Amino acid sequence: MNGRLEGKVAVVTGATSGIGEATARLFVAEGASVVLAGRSAERGQAIAAELGDNARFIRTDVTHDDQIAALIDGAVGEFGRLDCLFNNAGGTTRGTLSTVTEADFDHAMHLLVGSVVFGIKHAARVMGEAGGSIINNSSIAALRSAQGGYLYSAAKAAVTHITHLAAVELGARRIRVNAISPGAIATPIFWGGSAVADRLEAEDNARKQAKLERSLARATPLPRSGFGADIAYAALYLASDEGSFVNGHDLVVDGGRSWAYAEPGS
């Protein structure tokens, strides 16, 4: 039996850890050829080598339009086409309503919004007559207060609406554009990201991971935290032919957290 992505070519940004790594691994397991993008060449090349002939790594800083263009062109050069882009790369933001600086704003918008805007632009440029699937990683922070930082939440709200706008414009070309809004997903980003995790002993990372999972489980109606695989399977559905009539949708994957959350003072 063929995999659900047999014969498809995908690009996954932020693929060297967390949600992106889980998605790249699942896509390859389901038959896709995948280009992993990220800033850590050591981690990216190691993961791609482990995944085999159907995986490549291209070092990419998604805060730069020219590097996103080179990533998309590189994927086509490696595998001959592009069927799916998962705009997953992201990170933390700095600044509150009263302390935000111009540098904080520029960092957040380039990382979280610009990467999506230019990812869509370049993916749509190379997708052929058969169309394709573009998936943008948003967040429940786009939907509710107190689910993320000030600029993070604002940027993710922009990502969700950009998804709607692009879905309408690109639909006639059979390019579907959807978003996924994760809830509390247990990844190393909570204690500094993969760069910090790489410097810690395996035992330290395991201890931090277990503590994080317990904490997130307490804030979710389902009695567990979310994992990268939960988002990867959502991306798999949207990338596959099974999702061929889904366009402009924001798929919330949060264990019910956004419904159970109570506003401060309520």
Side-chain angles (χ1 to χ4, degrees), residues 11-20 23 36-40 44 58-73 85-125 134-170 175 177-185 187-190 192-196 231 235 248-254 258:
V11 168
V12 179
T13 68
T16 58
S17 66
I19 291 170
T23 302
L36 298 83
R39 288 181 295 182
S40 173
I58 297 179
R59 189 183 186 281
T60 308
D61 182 343
V62 296
T63 64
H64 297 285
D65 175 31
D66 60 343
Q67 292 195 34
I68 296 173
L71 167 66
I72 298 300
D73 290 338
L85 167 66
F86 185 20
N87 281 315
N88 167 72
T92 57
T93 60
R94 304 178 295 268
T96 66
L97 187 149
S98 59
T99 67
V100 61
T101 66
E102 186 174 357
D104 294 337
F105 180 84
D106 287 346
H107 168 75
M109 295 304 131
H110 281 295
L111 176 62
L112 299 176
V113 181
S115 61
V116 171
V117 168
F118 294 114
I120 293 171
K121 169 188 172 182
H122 293 298
R125 168 173 58 81
I134 298 173
I135 306 163
N136 302 320
N137 200 353
S138 188
S139 171
I140 61 169
L143 307 173
R144 303 295 297 269
S145 65
Q147 297 298 307
Y150 178 56
L151 289 178
Y152 182 88
S153 300
K156 290 300 187 178
V159 168
T160 300
H161 195 48
I162 287 165
T163 298
H164 299 152
L165 298 173
V168 172
E169 183 167 341
L170 295 175
I175 297 174
V177 187
N178 294 289
I180 300 173
S181 284
I185 307 300
T187 71
I189 194 172
F190 281 92
S194 58
V196 172
I231 310 305
H249 181 60
D250 178 26
L251 178 55
V252 176
V253 184
D254 71 343
S258 55

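Every value quoted in this text rests on a predicted model; they were computed, and no experiment measured them.
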Query raised in the report: For D61, which residues count as a salt bridge (charged side-chain N to carboxylate O under 4.0 Å, His left out) partner, sequence neighbours excluded?
Result: none

Beyond-backbone contact of [X] with [Y], side-chain heavy atoms, under 4.5 angstrom:
X	Y	value
N178	N136	no
D104	T93	no
V252	S258	yes

Please identify each residue that fulfils side-chain contact (heavy atoms from CB on, under 4.5 Å) with [X], with sequence neighbours left out.
X	answer
V117	V113, I162
S98	T96
I58	V35, T60, L71

Looking only at heavy atoms, which two atoms of [X] and [Y] are closest? And how far apart?
X	Y	answer
T160	A142	OG1-CB, 3.9 Å
M109	L151	CE-O, 4.2 Å
A167	V177	CB-O, 3.5 Å
P182	I19	CG-CD1, 4.4 Å
Y152	S139	CE2-OG, 3.8 Å
S40	T16	O-CG2, 3.8 Å

How long is the straight-line distance from [atom2] of [Y] back to [atom1] of [X], given to the nearest 0.5 Å?
X	Y	atom1	atom2	value
N87	S138	CG	OG	11.5 Å
I140	I180	CD1	CD1	14.0 Å
S115	Q67	OG	CD	12.5 Å
I231	N88	CD1	CG	9.5 Å
I68	D73	CD1	CG	12.0 Å
I134	I120	CD1	CD1	5.5 Å

Requested in this report: Using a strict cut-off of less than 4.0 Å between a Lys/Arg side-chain nitrogen and an Asp/Glu carboxylate oxygen, indicate whether D250 and K156 qualify as a salt bridge.
Outcome: no

Requested in this report: Sorted by first residue and then second, give each ring-ring contact (aromatic ring centres under 6.0 Å, His included) pair with at least one member in residues 100-125; sequence neighbours left out.
Outcome: none

**Report entry** Under 3.5 Å: donor-acceptor pair, side chain of T13, backbone of A89
**Finding:** yes

Query raised in the report: What do you reckon, is CZ of R94 surrounded by more than 12 foreign heavy atoms closer than 6.0 Å?
Result: yes

Query raised in the report: For H161, which residues count as a ring pair (Phe, Tyr, Trp, His ring centres under 6.0 Å) partner, sequence neighbours excluded?
Result: H164

